[in-house]
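Everything on this sheet refers to the single structure shown next.
Excluded from the calculations below are hydrogen atoms, water molecules and symmetry mates; all remaining heavy atoms, backbone and side chain alike, are included. Since the model is a prediction, treat every value here as computed from it, not as a measurement. By convention in this document, chain letters (A, B, ...) are assigned in the order of the sequence lines, proteins followed by strands, and residues within each chain are numbered from 1.
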Amino acid sequence: MTRSFPLTNYDLAATLDSGQVFRWIPRGAAWEGVLGDHWFRLWQTAGQLHAEGATGSSPWERLLHFLGTDEDLTAIRSSFPDDPPMRDAVAACPGLRLLRQDPWECLASFILSSTKQIVQIRQCVSLLCERFGQPVAVPPGTAPVYSFPPACRLAETEERQLRECKLGFRARYLGATARRVVQGGPMLEEIAGLPTEAARRELMELPGVGRKIADCVLLFAYGRQDAFPVDVWVQRALRQLYFPNRRPSFRTLERFAATHFGPFAGYAQQYLFHYVRTRLGRTAFPKASSRRRSPRPPSPPHEPH
DNA sequence: GGCCAGGTGTACC
DNA sequence: GGTACACATGGC
């Protein structure tokens, strides 16, 4: 059955294709994906979201929670620093949103993400679901889809089988983290109740999870909108947009990000990530050398008017 | 064929 | 506190 919901200030395509999630597939003007054990097809028209479920008992509330349709995006955007880079990034895609994902799926997916392109992460996640997930009900004529395999399923899977999903060296991390999550009982639920810094430390105890992946999980699954993942794209964005003609160290970028972007820094990060990835591209941002010093004395980064 | 990809762990200084 | 390198695989 299909239901419609009011929806404003929301760019569904950009949101589902912005590197937060890896299993939503465009089909014509719609997007198809799985939430838990439920298949959905989503599309939007002026002011409305349309959602088709495979059964009459689809979890609509969960879908809306996942999409974050209740979030006041205007208030969030107005908290951003009023500087040219942020204005450009927001103008490029004003309806970009953060999703509220399942922590395990998000954690496992980002363990696979290290030094992989997003298209390859999608492929790995898809293979994992096909081989170790459960079939999910779909409408007649729709290709079969599968749920994301739970930690207990991956914990008992041999590393060789994980590697066959093209995980490479990440297979060992995924298996080891799955076992830790299973042994830890409700650890992923308990993390939800911790302050952000304590939650980050807990996540970073898991094999294959460093600062960046921990921040992705905090931001994309636990709703910690002050978490600010700094990956290669965000490094490029910060260097080019805020430190042109300089060679800031990674540490400098982290310190800058921690203070510059305000209480919704993670949201600002997603706008910068999407902006640099879709509009500016890779070639505009040569990798900064960590050895060479700046040829000129440092000047303050770009300040608001 | 070389470089790069939503990094992390380890060894070393 | 840092820096260098290995780790798999595929796209461009």
Side-chain angles (χ1 to χ4, degrees), chain A residues 14-24 89 93 96 98-99 101 105-128 158-178 180 200-222 224 227-240 247-255 257 265-293:
Chain A
T15 299
L16 293 176
D17 196 28
S18 64
Q20 303 178 62
V21 287
F22 303 103
R23 22 185 347 221
W24 286 84
C93 191
L96 181 63
L98 285 178
L99 299 166
Q101 300 182 44
E105 177 169 343
C106 184
L107 171 63
S109 299
F110 275 95
I111 285 175
L112 310 186
S113 73
S114 68
T115 58
K116 266 190 180 298
Q117 300 186 101
I118 288 177
V119 60
Q120 295 171 334
I121 303 168
R122 286 198 190 103
Q123 185 181 22
C124 291
V125 171
S126 176
L127 286 169
L128 276 178
E158 287 184 21
E159 183 180 327
R160 174 183 53 80
Q161 295 176 285
L162 295 178
R163 282 187 182 254
E164 286 171 1
C165 297
K166 307 186 179 182
L167 305 195
F169 61 85
R170 306 156 195 84
R172 186 160 45 84
Y173 295 146
L174 182 61
T177 284
R180 290 272 292 274
R200 178 181 288 122
R201 280 200 303 272
E202 284 294 309
L203 288 168
M204 289 177 67
E205 291 292 316
L206 296 168
V209 181
R211 170 68 187 242
K212 188 269 170 183
I213 290 176
D215 277 359
C216 283
V217 178
L218 288 171
L219 182 61
F220 300 145
Y222 286 109
R224 308 303 169 92
F228 195 101
V230 180
D231 72 325
V232 291
W233 288 104
V234 174
Q235 283 185 58
R236 285 193 192 109
L238 294 177
R239 287 198 164 104
Q240 182 73 9
R247 298 273 181 176
S249 69
F250 181 79
R251 199 78 192 119
T252 299
L253 296 179
E254 276 195 327
R255 277 194 289 263
Y267 238 106
Q269 175 273 160
Q270 194 62 15
Y271 277 90
L272 291 172
F273 175 79
H274 191 258
Y275 179 55
V276 67
R277 205 166 72 87
T278 59
R279 298 299 177 93
L280 302 181
R282 196 168 65 193
T283 55
F285 300 96
K287 198 169 189 172
S289 163
S290 58
R291 294 179 173 275
R292 282 179 54 186
R293 291 296 182 83

Check salt bridge (charged side-chain N to carboxylate O under 4.0 Å, His left out) between A/D17 and all other residues, then give those that pass, not counting sequence neighbours.
-> A/R122
Whole-Å P distance, C/dG2 and B/dG6 | 26 Å
Using atom CD of A/E254 as one end and atom C1' of B/dG6 as the other, report the distance to the nearest whole Å.
-> 14 Å
Presence of donor-acceptor pair under 3.5 Å, side chain of A/Q120 and base of B/dG6 | no
Which residues pass the side-chain contact (heavy atoms from CB on, under 4.5 Å) test with A/S126, sequence neighbours left out?
-> A/E130
Would you mind reading off the distance between A/I121 atom CD1 and B/dG6 atom C1', rounded to a whole angstrom?
-> 6 Å
Can you tell me how far P of C/dA8 sits from CG of A/L127, to the nearest Å?
-> 18 Å
Salt bridge (charged side-chain N to carboxylate O under 4.0 Å, His left out) filter on A/E205, not counting sequence neighbours, yields none
A/L107 CG to B/dG6 P, straight-line distance once rounded to whole Å = 19 Å
Of the listed C/dT9, B/dG6, C/dA8, the closest approach to the A/K166 side chain comes from C/dT9
Nearest-Å distance once atom P is located in both C/dG10 and B/dT8 | 22 Å
Nucleic acid contacts of residues 206-213 of chain A, taken as heavy-atom distances under 4.0 Å to DNA chain B | A/L206, A/P207, A/G208, A/V209, A/G210, A/R211, A/K212, A/I213
Non-hydrogen atoms of A/K166 and A/K116 that approach each other most closely = O-NZ, 3.2 Å
Would you state whether a donor and an acceptor, one from the side chain of A/Q270 and one from the base of B/dG6, lie under 3.5 Å apart?
-> yes
Given atom CG of A/L112 and atom P of B/dT8, what is their separation to the nearest angstrom?
-> 13 Å
A/F273-B/dG6 aromatic stacking (under 5.5 Å, under 30°) = yes
In residues 168-178 of chain A, which ones come under 4.0 Å of DNA chain B, going by heavy atoms?
-> A/F169, A/Y173
Partner set under salt bridge (charged side-chain N to carboxylate O under 4.0 Å, His left out) for A/R163, not counting sequence neighbours | A/E159
Pairing residues for A/Q235 by the side-chain contact (heavy atoms from CB on, under 4.5 Å) criterion, not counting sequence neighbours | A/V230, A/R239, A/F250, A/L253
Atom P, compared across C/dA6 and B/dC3: separation rounded to whole Å = 14 Å
A/Q269 (side chain) donor-acceptor with A/G266 (main chain) under 3.5 angstrom | yes
Only counting residues at least two apart or in another chain, list the ones meeting side chain to side chain donor-acceptor pair (under 3.5 Å) with A/E254.
-> A/R251
In whole Å, what is the span from the CD atom of A/Q235 to the P atom of B/dC4?
-> 13 Å
On a whole-Å scale, what distance lies between the P atoms belonging to C/dA8 and B/dG1?
-> 22 Å
5'-most by nearest nucleotide on DNA chain B - A/P229 or A/E205 = A/P229
Please list every donor-acceptor pair under 3.5 Å in which a side-chain atom of residues 209-220 of chain A meets a protein atom from a residue at least two apart or in another chain.
residue : atom : partner : partner atom : Å
A/R211  : NE   : A/D215  : OD2          : 3.0
A/D215  : OD1  : A/R200  : NE           : 2.7
A/D215  : OD1  : A/R200  : NH2          : 3.0

Enter the distance from A/R170:CZ to A/T115:OG1 here, rounded to the nearest 0.5 Å.
-> 4.5 Å
Could you state the atom-to-atom distance from CG of A/L167 to P of B/dT8 in whole Å?
-> 16 Å
When we call it a touch if two heavy atoms are under 4.0 Å apart, what does A/S113 touch: a base, just sugar-phosphate, or nothing?
-> sugar-phosphate
Send over the distance from A/K116 NZ to C/dC12 P, rounded to a whole Å.
-> 14 Å
